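Encoded as structure tokens, the structure appears first; notes follow it.
Treat the numbers as computed from the prediction; the structure is a model and nothing was measured.
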Amino acid sequence: MDDLLLALQNVSQQLLPILGAVALVFVCILLKKIVDLVESITATVKGLDPTLRLVDKSIEKVQAPLNTAVKYSHTLDRVHDKTAETFGKAVDFASENIDNLKEFVADKMPKEAEEETAEGGQE
């Protein structure tokens, strides 16, 4: 058993430096591939830069009509609010002054129309 352990120790002492060197080679290959990947991503992003600038200019061109639409929308909202407020005030005024309106219409109607209405109601 001691001979087996001594033989394994001897083999391990010879294999460990070789396995370490192989592991370092794989680590170097992995790092090289990572560097190539980062460089390729950087080149792709630089290639997209003109496209992004073109998109930015297009967005700026579209922004002006959108601003105009927003202004018109706010204006229409204000017109609607004022119209609703004015209509509400007119309804309130009419309901408060309905008696005055009846008297005004009665004063303006000719006497004959009143008599016809009175006769028509008595029959």
Side-chain angles (χ1 to χ4, degrees):
M1 184 72 152
D2 286 336
D3 290 336
L4 178 63
L5 289 176
L6 285 173
L8 288 175
Q9 179 186 7
N10 193 14
V11 171
S12 297
Q13 285 177 348
Q14 292 174 1
L15 282 180
L16 278 178
I18 295 170
L19 291 176
V22 170
L24 284 176
V25 168
F26 281 124
V27 168
C28 288
I29 291 171
L30 179 66
L31 287 176
K32 175 66 174 145
K33 294 215 180 244
I34 289 174
V35 167
D36 290 343
L37 177 66
V38 168
E39 287 176 355
S40 126
I41 290 173
T42 304
T44 303
V45 169
K46 285 181 181 177
L48 291 176
D49 190 47
T51 304
L52 292 175
R53 288 184 184 175
L54 181 63
V55 168
D56 190 39
K57 288 179 183 178
S58 297
I59 288 174
E60 288 176 6
K61 288 178 184 177
V62 170
Q63 190 62 41
L66 288 176
N67 289 341
T68 303
V70 168
K71 286 179 185 177
Y72 282 127
S73 174
H74 290 308
T75 301
L76 288 175
D77 288 342
R78 285 193 299 264
V79 167
H80 175 265
D81 293 341
K82 289 296 182 180
T83 303
E85 180 183 334
T86 304
F87 185 72
K89 286 181 181 179
V91 168
D92 290 343
F93 178 79
S95 65
E96 289 173 1
N97 295 313
I98 194 75
D99 293 332
N100 295 339
L101 184 62
K102 285 180 184 177
E103 289 175 14
F104 176 76
V105 170
D107 289 344
K108 293 297 180 182
M109 281 182 46
K111 296 286 184 181
E112 296 173 3
E114 287 181 19
E115 292 173 2
E116 288 177 10
T117 332
E119 291 175 7
Q122 292 176 357
E123 292 177 10

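Note that the CG atom of Asn97 and the CG atom of Asp92 stand 10.5 Å from one another [nearest 0.5 Å]. If you take SG on Cys28 and CZ on Phe26, they are separated by 11.5 Å, rounding to the nearest 0.5 Å. With rounding to the nearest 0.5 angstrom, the NE2 atom of His74 is 11.0 Å from the CG atom of Leu76. Rounded to the nearest 0.5 angstrom, Gln63 CD and Ile59 CD1 are separated by 9.0 Å. The OG1 atom of Thr75 sits 9.0 Å away from atom NZ of Lys71, with the distance rounded to the nearest 0.5 Å. The CD atom of Glu85 sits 4.5 Å away from the NZ atom of Lys89 when rounded to the nearest 0.5 Å.
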Given side-chain contact (heavy atoms from CB on, under 4.5 Å), test Glu39 with Asp36 step by step and report yes or no. CA-CA 5 Å; Glu39 287 176 355; Asp36 290 343; 4.1 Å; yes
Under the criterion side-chain contact (heavy atoms from CB on, under 4.5 Å), I'd like the reasoning laid out for Leu66 against Val70: C-alpha separation, chi angles, the key distance, then a yes or no. CA-CA 6 Å; Leu66 288 176; Val70 168; 5.5 Å; no
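Only one option out of Val38, Thr44, Val45 pairs with Thr42 in a side-chain contact (heavy atoms from CB on, under 4.5 Å); it is Val38.
Through direct or indirect side-chain contacts shorter than 4.5 Å among Ile, Leu, Val, Met, Phe, Trp and Tyr, Phe87 is connected to Val91.
Judged by distance alone, with hydrogens and angles left aside, the side-chain atoms of Ser73 form no donor-acceptor pair with the main-chain N or O of Ala69 at under 3.5 Å.
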